[in-house]
Amino acid sequence: MRSRSLPTIPCSKLLLAACLLLSGCTHDLQLMKTEDELSRYGAAIRWGQWEAASEFQPPAKQGRLDFAFLKNVHVTSYDRVHLQEHKGSDVLRQTVEIRYYIEPAGVEQRLTDRQTWRFDNEKDRWFLQSGLPDFK
């Protein structure tokens, strides 16, 4: 049985191919990371995890919530309506529709939450600049 040898590929071509592959992957990884942050924030709002939702705000704004009031807010849906992201920008805008009710009234209400997010390179994560939804 004759053994076949694989074709020899110069190291420079392998290095170039690896760089091209990694540069495409970096963008995809950043998109996945952004989507994960937005999804985790949405889940915190949906499940009434107000402390966790507050942590998506910049550190200077965290913890400034009326938790006594928020314990009476129950979110029934959180749906993205629009996402505006500019490639290479550290700012994105997202619009979501939130349906909720406040005890004891129990009447479902709807609000449109226009969010502005900014990427912090130092902390390597997105922060919600526009604040948490204003439930009334």
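Owing to the predicted nature of the structure, the values given are computational and were not obtained by experimental measurement. Only this structure's heavy atoms are used, side chains among them; waters, hydrogens and symmetry mates stay out.
- Clustering ILVMFWY residues whenever any of their side-chain heavy atoms sit less than 4.5 angstrom apart, transitively, puts Val91 in a cluster other than the one holding Leu128.
- In this structure, the side chains of Asn121 and Asp90 stay at 4.5 Å or more apart for every pair of heavy atoms.
- Remark: the backbone N or O of Asp124 is paired with a side-chain donor or acceptor of Lys33 at under 3.5 angstrom.
- When side chains are defined from C-beta on, Pro59 counts as touching Lys123, because their heavy atoms get closer than 4.5 Å.
- Remark: Thr76 pairs with Glu108 by the side chain to side chain donor-acceptor pair (under 3.5 Å) rule, at least two apart or across chains.
- Judged by distance alone, the side chain of Trp50 and the main-chain N or O of Leu70 form a donor-acceptor pair under 3.5 Å.
- A 4.5 Å side-chain heavy-atom check between Leu92 and Phe119 finds every atom pair outside the cut-off.
- The stretch residues 43-54 participates, sequence neighbours left out, in no salt bridge (Lys or Arg N to Asp or Glu O under 4.0 Å) pair at all.
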* Test Phe127 against Asp120 for side-chain contact (heavy atoms from CB on, under 4.5 Å), laying out the working first. => CA-CA 7 Å; Phe127 284 105; Asp120 184 324; 3.8 Å; yes

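- In this structure Gln115 satisfies the side chain to side chain donor-acceptor pair (under 3.5 Å) test together with Tyr78, Gln94, Asp113, Trp117, sequence neighbours excluded.
- Ion pairing between a basic and an acidic side chain is recognised when a charged N comes within 4.0 Å of a carboxylate O; Arg40 and Glu55 show no such pairing.
- Partners of Arg118 under the side chain to side chain donor-acceptor pair (under 3.5 Å) rule, at least two apart in sequence or in another chain, do not exist in this structure.
- Here CG of Leu132 is found 6.5 Å from OG of Ser54. Values are rounded to the nearest 0.5 Å.
- Remark: aromatic rings of Tyr100 and Phe135 are close, center separation under 6.0 Å.
- Asn72 pairs by the side chain to side chain contact (heavy atoms under 4.5 Å, CB included) definition with Ile102, Glu103, not counting sequence neighbours.
- Partners of Lys61 according to the side chain to side chain contact (heavy atoms under 4.5 Å, CB included) rule, which considers only residues two or more places apart in sequence or in another chain, are Gln57, Pro58.
- Counting non-hydrogen atoms of neighbouring residues, nucleotides and ligands closer than 6.0 angstrom, the CZ atom of Arg114 reaches no more than 12 such neighbours.
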